[in-house]
Amino acid sequence: IEQPTFPKITEMCVKMIRRVNDEEGIKKLVNETFQKLWFTPTPHHDKEAMTRKILNITDVVAACRDTGYDWFEQLLQNLLKSEEDASYKPVKKACIQLVDNLVEHILKYEESLSDSDNKGVNSGRLVACITTLFLFSKIRPQLMVKHAMTMQPYLTTKCSTQNDFMVICNVAKILELVVPLMEHPSETFLATIEEDLMKLIIKYGMTVVQHCVSCLGAVVNKVTQNYKFVWACFNRYYGALSKLKSEHQEDPNSTILTANKPALLRSLFTVGALCRHFDFDQEDFKGNSKVNIKDKVLELLMYFTKHSDEEVQTKAIIGLGFAFIQHPSLMFEQEVKTLYNSILSDKNSSVNLKIQVLKNLQTYLQEEDTRMQQADRDWKKVAKQEDLKEMGDISSGMSSSIMQLYLKQILEAFFHTQSSVRHFALNVIALTLNQGLIHPVQCVPYLIAMGTDPEPSMRNKADQQLVEIDKKYAGFIHMKAVAGMKMSYQVQQAINTCPKDPVRGFRHDESSNALCSHLYSMIRGNRQHRRAFLISLLNLFDDTAKTEVNMLLYIADNLACFPYQTQEEPLFIMHHIDITLSVSGSNLLQSFKESMVKDKKKERKPLSDEETGSDSNSGSESESEEEASKPRRLRKRVDSDSDSDEENDINAVMKCLPENSAPLIEFANVSQGILLLLMLKQHLKNLCGFSD
């Protein structure tokens, strides 16, 4: 049998490993497969087997570069957790082997980078190896402690390609996790790291600055306490900002400002990044000074959020987001609330600014989640000494208060035409719900609406949130189902690229599924909830509900395409359509009759003929169903005899029309809902093959 090539193996591994969070049976199978494939110790003499393993792992990591590495972290956590209490720990032993050999491969690739023929390939391999080492460090940083000094020189990599930048960023992330765990690291080693990081912060762009400041934060705060070094850097950028602010206040159109724009952007970003990782109000930084640094930084950054240049505004908002992670209480300041809420709620505000505000909130929640998890781990270690749980609860309370401030505007962002805005709004809501910061019932209609989004990743995420809510709070989904359906129509209106075309309630693909099919599948299991939901939807077609016809079409589409599983479901809908028709239909006919002009008695007979004869076209009045049906049959015979009789009949009806046509137009509009119900009933009858 022909052995599969490496690319085929990689592709199969990628497909399998993404199922690591699937149902229990599949999850167990994935764990077992990769434990045998990757996380079983290799005999020391079998270098070839180890090389194959390293190449396979790094190929899979490289293939998942754009989709994220959550699967690897989850897999490693699952396997290490499964052997925590075991005396023999093969996975841990395999991880040590893999890390040691990955470091060897890195050194080998670095040597071969001088070979111009394979430079691109080996550069990609180097990135994949370092990325894999970072993933190991994230789950078990102890594995990399002995290799920290080997990794440090890579901070001085000359950056000419995207791969070079990725090497620096990943090395910075590894050192951030590993250096605080080193026992008695040499002062020369630590000083070299600090200097290398500072050079990178001053020289390179946003991504590098962000990771290097984060690494510097871990090294200085947890190991060296070299606060003066960081304070000098902060003052450099803070001073530049203050000077640029003064110049802008004197002359907003000054050419000096335009020339200094790159320095302004860098200063805004770097000041914010430094404030994220260092509390400059500590005495270690500012000494005995009484100046409140965080308020000064807030004032400075807020000034530049009002700048005329959108790029400057964006960088100022990024800086604010960083500062709020260190000092969340600043988000309660009135000027910050006004800024965030105005950007989120104003339809004319820039899409980039909206996205950045949502990213700020997302990053804050992610950071809070990390802090809470760390506090929980610390609590388990020293439960008897300190009440860290209480500290966590206080932090959680602040997060909850902050999210309540901006919740309405974030939810309203679901109705934005740009998918990127909806994407970040959904991320923020998912994080908020996962951390239990708000009552979920207020988000249910919005999540139902997002479940109809054209992008599969977004609707899957929204559907998953609904499933989680339904597990914890039975009945919440049903309670808000109709409101969610109406809101989903608003979302579809917002993203409709052709406003002239009506919004339809089914997917325009091979499946033709209802947009709200997931909602129906969640409610369908409970007969009482299902019937109440269907009746509520059918009641919207009632003439007294005054629902706009385009929304009725959207709801009718959904009712036509819901994933019904038993005959009882469509039959129940058809039965209630009949009831609605008998009530609303007769009311409509009565209102039409009353709107007609009452003529002389001698015209009464031909009038009834015309009324009932035109019933099939305009739904006109009739004295009774029996009378209506009889003249209709006569009408056909008369029509076939002569055109002149038809003209007389039309004229007779026209004489009965009132001068004010408003009631008739209202009748015509209201009757659209009745006609949709008739079409829906016929569709269900044909779909299910029901006889009369």
Side-chain angles (χ1 to χ4, degrees), residues 21 66-74 77 131 134-135 137-139 141 169-170 172-174 176-177 206-207 209-215 217-218 221 269 272-279 314 317-331 336 340 344 354-378 391-407 409-411 413 420-438 440 443 447 457-458 461-462 464-465 468:
N21 285 323
D66 298 325
T67 54
Y69 304 112
D70 292 348
W71 51 267
F72 189 91
E73 294 169 30
Q74 192 62 56
Q77 277 178 331
T131 305
F134 163 63
L135 295 173
S137 304
K138 205 171 176 184
I139 305 304
C169 290
N170 280 312
K173 288 191 280 187
I174 290 169
E176 178 185 346
L177 294 164
M206 280 198 304
T207 310
V209 169
Q210 201 169 337
H211 291 304
C212 289
V213 170
S214 184
C215 183
N221 289 327
F269 186 87
L274 288 166
C275 286
R276 174 178 178 173
H277 296 283
F278 300 96
D279 183 0
T314 306
I317 290 171
I318 291 172
L320 282 173
F322 287 151
F324 295 158
I325 291 169
Q326 181 69 245
H327 304 287
S329 58
L330 292 176
M331 279 192 266
V336 175
Y340 271 24
L344 290 173
K354 278 184 195 290
I355 289 172
Q356 193 51 58
V357 169
L358 291 167
K359 276 184 179 177
N360 282 2
L361 292 168
Q362 177 183 317
T363 310
Y364 164 70
L365 290 171
Q366 287 169 337
E367 199 74 16
E368 278 302 301
D369 192 37
T370 306
R371 282 182 194 172
M372 294 290 284
Q373 288 177 10
Q374 187 59 48
D376 201 42
R377 285 193 290 269
D378 294 345
M391 288 165 62
D393 290 341
I394 292 165
S395 174
S396 172
M398 180 172 282
S399 305
S400 180
S401 302
I402 288 167
M403 292 319 299
Q404 292 290 352
L405 280 178
Y406 305 109
L407 181 64
Q409 285 74 17
I410 296 165
L411 289 170
S420 49
V421 175
R422 300 196 304 275
H423 169 78
F424 284 107
L426 181 59
N427 283 353
V428 172
I429 293 300
L431 283 165
T432 307
L433 289 170
N434 290 340
Q435 292 178 35
L437 302 178
I438 56 171
C443 297
L447 290 170
S457 60
M458 277 202 268
K461 191 165 193 172
Q464 187 57 44
Q465 290 299 319
E468 293 298 321

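Residues Gly272 and Phe322 approach most closely at O-CB, 3.0 Å, considering heavy atoms. Contact record, Ser329 with Met398: N-SD, 4.0 Å, taken as the closest heavy-atom pair. Minimum interatomic distance between Tyr364 and Ser399 (heavy atoms only, all atoms of both residues): OH-OG, 3.2 Å. Residues Leu407 and Cys443 approach most closely at CD1-SG, 4.5 Å, considering heavy atoms.
Taking Phe72 as the reference, Phe136 meet the ring pair (Phe, Tyr, Trp, His ring centres under 6.0 Å) condition, with sequence neighbours excluded. Scored by the side chain to side chain contact (heavy atoms under 4.5 Å, CB included) test, Ala425 finds Leu358, Ile410, Ala413, Phe414 as partners (sequence neighbours excluded). A search for side-chain hydrogen bond (donor to acceptor under 3.5 Å, both in side chains) contacts involving His423 returns Asn427, not counting sequence neighbours. Residues passing the side chain to side chain contact (heavy atoms under 4.5 Å, CB included) test with Gln74, sequence neighbours excluded: Val20, Asn21, Gln77, Asn78. Qualifying side chain to side chain contact (heavy atoms under 4.5 Å, CB included) partners for Thr314, counting only residues two or more places apart in sequence or in other chains: Glu310, Ile318, Leu353, Gln356. Looking at residues two or more places apart in sequence or on another chain, you find a side-chain hydrogen bond (donor to acceptor under 3.5 Å, both in side chains) between Glu468 and Gln464. When the side chain to side chain contact (heavy atoms under 4.5 Å, CB included) test is applied to Asp369, the partners found at least two apart in sequence or on another chain are Gln373, Gln435. Here Phe424 pairs with nothing under the ring pair (Phe, Tyr, Trp, His ring centres under 6.0 Å) rule; sequence neighbours left out. Annotation: salt bridge (Lys or Arg N to Asp or Glu O under 4.0 Å) contacts of Lys138 (sequence neighbours excluded): Glu73. For the side-chain hydrogen bond (donor to acceptor under 3.5 Å, both in side chains) test, no residue two or more places apart in sequence or in another chain qualifies with Gln366. Every residue was checked against the ring pair (Phe, Tyr, Trp, His ring centres under 6.0 Å) condition with Tyr69, not counting sequence neighbours, and none meets it. Scored by the side-chain hydrogen bond (donor to acceptor under 3.5 Å, both in side chains) test, Tyr406 finds no partners at all (sequence neighbours excluded).
The CG atom of Leu274 lies 11.0 Å from the CD atom of Gln326; values are rounded to the nearest 0.5 Å. A distance of 6.0 Å separates CD of Gln210 from CZ of Arg276, quoted to the nearest 0.5 Å. Going from atom CG of Leu437 over to atom OG of Ser401 covers 9.5 Å, rounded to the nearest 0.5 Å. Ile355 contributes atom CD1, which lies 12.0 Å from atom CG of Asn360 (distance to the nearest 0.5 angstrom). We find the CG-CG distance between Leu411 and Leu447 to be 8.0 Å, quoted to the nearest 0.5 Å. Atoms CD1 and CE, from Ile438 and Met403 in turn, are 7.0 Å apart once rounded to the nearest 0.5 Å.
Between the Asn221 side chain and the His277 main chain, a donor and an acceptor come within less than 3.5 Å of each other. Judged by distance alone, with hydrogens and angles left aside, the side-chain atoms of Thr363 form a donor-acceptor pair with the main-chain N or O of Lys359 at under 3.5 Å.
Residues Ile429 and Leu433 are in side-chain contact: their nearest non-hydrogen atoms beyond the backbone lie under 4.5 Å apart. Side-chain contact between Phe324 and Leu361 is absent, with no heavy atoms from C-beta onward closer than 4.5 Å. By the 4.5 Å heavy-atom criterion applied to side chains, Val357 and Gln409 are not counted as neighbours.
The residues Arg371 and Glu368 are annotated as salt-bridged, a charged nitrogen and a carboxylate oxygen being separated by less than 4.0 angstrom.
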Notebook entry, point to check: Run the side-chain contact (heavy atoms from CB on, under 4.5 Å) check on Asn170 and His211 step by step: do they pass?
Noted result: CA-CA 8 Å; Asn170 280 312; His211 291 304; over 6 Å; no
